Amino acid sequence: MGDIAMSKRKFGRELGFHTRAVHTGNDIDKETGAIRRPITMANSYALPYDPSDLNWSSAGGDDDSGAAQNLYTRNGGSNQQYLQEKLASLSNGEDCVVLGSGVAALSGLFFSLLQSGDHVVFSSVTYIAVYRLLNDLFKNKFKIETTIVDTSDLDAVRKAMRPNTRLVHIETPGNPTISIADIKAIAEITHSGGALLSVDNTFASPYNQRPLDLGADFSVESLTKYINGHGDSMGGAIIGKRELLDPIRSQAQVNLGGVISPFNAWLIMRGAVTLPLRMRQHNENAQRIAGYLESLPSVRFVSYPGLKSHKGHSIAVSQMSPGFGGVLSFGLKADHDTHNRFVSELKVITSAVSLGHDESLIVFLGEKDERQYLYPEEFHGGFFRFSVGLEDGEDLIADIEQALKKTAS
Ligand SMILES: *Cc1c(COP(=O)(O)O)cnc(C)c1O
């Protein structure tokens, strides 16, 4: 594998986040001289003189000059590698594995790390697939023990640890209630119990939060969201130490087949260049809209870590910077159908799942969500998850205002 470094542009100075977002993983194309690396839409690569001793369970190898030896795209491809270089750098990690979706990254991490008889502690607020994977599939198919805890409560995390705990998995800010967990404190609890900590960092993105700097062993990102940022491809990444990622690469990528397509890797690479600029606008718009919503008498509650009223505000301030991301949740003082009517009146904000796109997206999560029992009281009446986009803040506020007016009448 190519070294995760920006060899061409190293000049004895630590490069800033914006510079690395632009340059890391890109280079002059040796064949054409193009200043952008090309998309390589090949599934197979030329073999070395003697291919008989290649390990087809691994992700390629190095040739005599140390350059990456690609074999077959499921074992690793050039566009995937360029993106891995960029994401490792932006996350302050040694290495990165990019897979075909955020869920491929999460399930690949769990599959590679866990054995029957192991115990996993995970947040009561996580992406829905994590709940289904750990609370049902891994538990029932593979005899993995699981405990669900409110990871905003450190005592609850401490009490949940067992001698066979192998992994603690948290999400902060958490999807969909935007709960906050203290990464540094949980890393200490996890490590003193001899386990590893993975943090789903999708809502913050590496611009606002870098879990590895706070002691986590794995930082997981759904690239589908902020890192690609344009709503036009899917991908996932796990960033951490190489020795921990190598088994994920060979098991989840090569043998389970969760590989990313070269075209999606290229699109995400292109999107990631503007991550810091986009995140600044997401942070600013979300902070402003959270404050606006909180001031409205028709709003039941707003959950956004940048608000002083958020239970995890001070922890968020200590581990997130410069902002708190673009996703908030809120509910109206209204019944089920009024929530739907409000959404149907919106003109700029789109009703759709996903988040972290250029455009604002809203989704109504009704009372039938199977995990309502795990959420705080105020979420029980149904609520919105609102991914605040890059539009003008005034337009978003005007859109909410006109839709509320129509809904009330
Ligand atoms: C969307 C999401 C995922 C899953 O990512 P996909 O790319 O849709 O598979 C995982 N974690 C969080 C927090 C997400 O929002």
Side-chain angles (χ1 to χ4, degrees), residues 80 83 87 91 96-111 122-135 137 151 167 169-181 183 198-209 211 216 218-239 248 252-253 256-261 263-265 267-269 271-272 275 279 282 286 303-305 316 320 324-329 352-357 360-363 365 369 371 374-375 384-389:
Q80 178 202 24
L83 181 57
L87 297 178
S91 309
C96 171
V97 184
V98 163
L99 295 168
S101 68
V103 167
L106 289 162
S107 61
L109 168 66
F110 301 152
F111 182 86
F122 72 102
S123 303
S124 52
V125 180
T126 61
Y127 190 68
I128 184 72
V130 168
Y131 177 74
R132 298 216 176 106
L133 282 166
L134 293 177
N135 193 51
L137 296 174
T151 50
L167 180 71
H169 177 78
I170 65 172
E171 198 173 299
T172 183
N175 188 356
T177 65
I178 331 291
S179 62
I180 296 292
I183 299 173
S198 60
V199 179
D200 188 326
N201 196 51
T202 300
F203 272 37
S205 92
Y207 180 67
N208 287 319
Q209 179 172 274
F218 304 100
S219 183
V220 181
E221 303 277 354
S222 167
L223 307 176
T224 310
K225 313 295 172 49
Y226 287 109
I227 292 178
N228 176 57
H230 295 74
D232 52 13
S233 69
M234 302 196 92
I238 308 149
I239 303 105
I248 301 176
Q253 178 183 314
L256 288 177
V259 73
I260 192 168
S261 82
F263 185 53
N264 280 354
L267 279 171
I268 295 166
M269 182 83 174
L275 176 72
M279 286 318 297
H282 284 298
S303 178
Y304 183 68
M320 300 181 80
F324 304 96
V327 192
L328 55 89
S329 58
V353 292
S354 200
L355 53 102
H357 294 197
S360 290
L361 300 175
I362 195 165
V363 55
L365 299 164
D369 183 324
R371 293 181 300 165
L374 294 167
Y375 301 157
F384 300 116
R385 185 188 67 199
F386 181 16
S387 169
V388 181

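Not measured: the values here are computed from a predicted model. Start at 1 and go down the list; that is how both ligands and their atoms are numbered.
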Practice task
Would you check if there is a donor-acceptor pair between the side chains of Ser222 and Thr202 at a distance under 3.5 Å?
Solution key: no

Do [X] and [Y] come within less than 4.5 Å of each other through their side chains, counting heavy atoms only?
{"X": "His282", "Y": "Val388", "answer": "no"}
{"X": "Val327", "Y": "Tyr304", "answer": "no"}
{"X": "Arg385", "Y": "Ile362", "answer": "no"}
{"X": "Cys96", "Y": "Ile238", "answer": "no"}

I need the nearest protein heavy-atom contact for [atom]: residue, atom name and distance, please.
{"atom": "atom 15 (O) of ligand 1", "result": "Lys225 NZ, 2.8 Å"}
{"atom": "atom 5 (O) of ligand 1", "result": "Ser222 OG, 2.9 Å"}
{"atom": "atom 8 (O) of ligand 1", "result": "Met234 CE, 3.6 Å"}
{"atom": "atom 4 (C) of ligand 1", "result": "Tyr127 CE2, 3.5 Å"}
{"atom": "atom 12 (C) of ligand 1", "result": "Asp200 OD2, 3.5 Å"}

Exercise for the section: Examine Phe110 together with His169 and report whether their ring centres are nearer than 6.0 Å. Expected result: yes

Exercise for the section: Check Ser179, Pro176, Ser303 against Ser329 for a side-chain contact (heavy atoms from CB on, under 4.5 Å) and give me the one that passes. Expected result: Ser303

Fill in the blank from the handout: Within 4.0 Å of some non-hydrogen atom of Val103, the atoms of ligand 1 are 4 (C), 5 (O), 6 (P), 9 (O)

Completion exercise
Atoms of ligand 1 under 4.0 Å from any heavy atom of Thr224, numbered from 1 in the order shown, are 6 (P), 7 (O)

Practice task
Look at ligand 1 and say whether Gly235 reaches it with a heavy atom at a distance under 4.0 Å.
Solution key: yes

Handout entry: Min heavy-atom dist Leu106 to ligand 1 below 4.0 Å
Key = yes

Problem - Close N or O approach (Gly102, ligand 1; < 3.5 Å) - result: yes

Handout entry: Nitrogen or oxygen atoms of Glu171 and ligand 1 under 3.5 Å apart
Key = no

Handout entry: Side-chain donor/acceptor of Glu171 to backbone N/O of Tyr127, under 3.5 Å
Key = yes

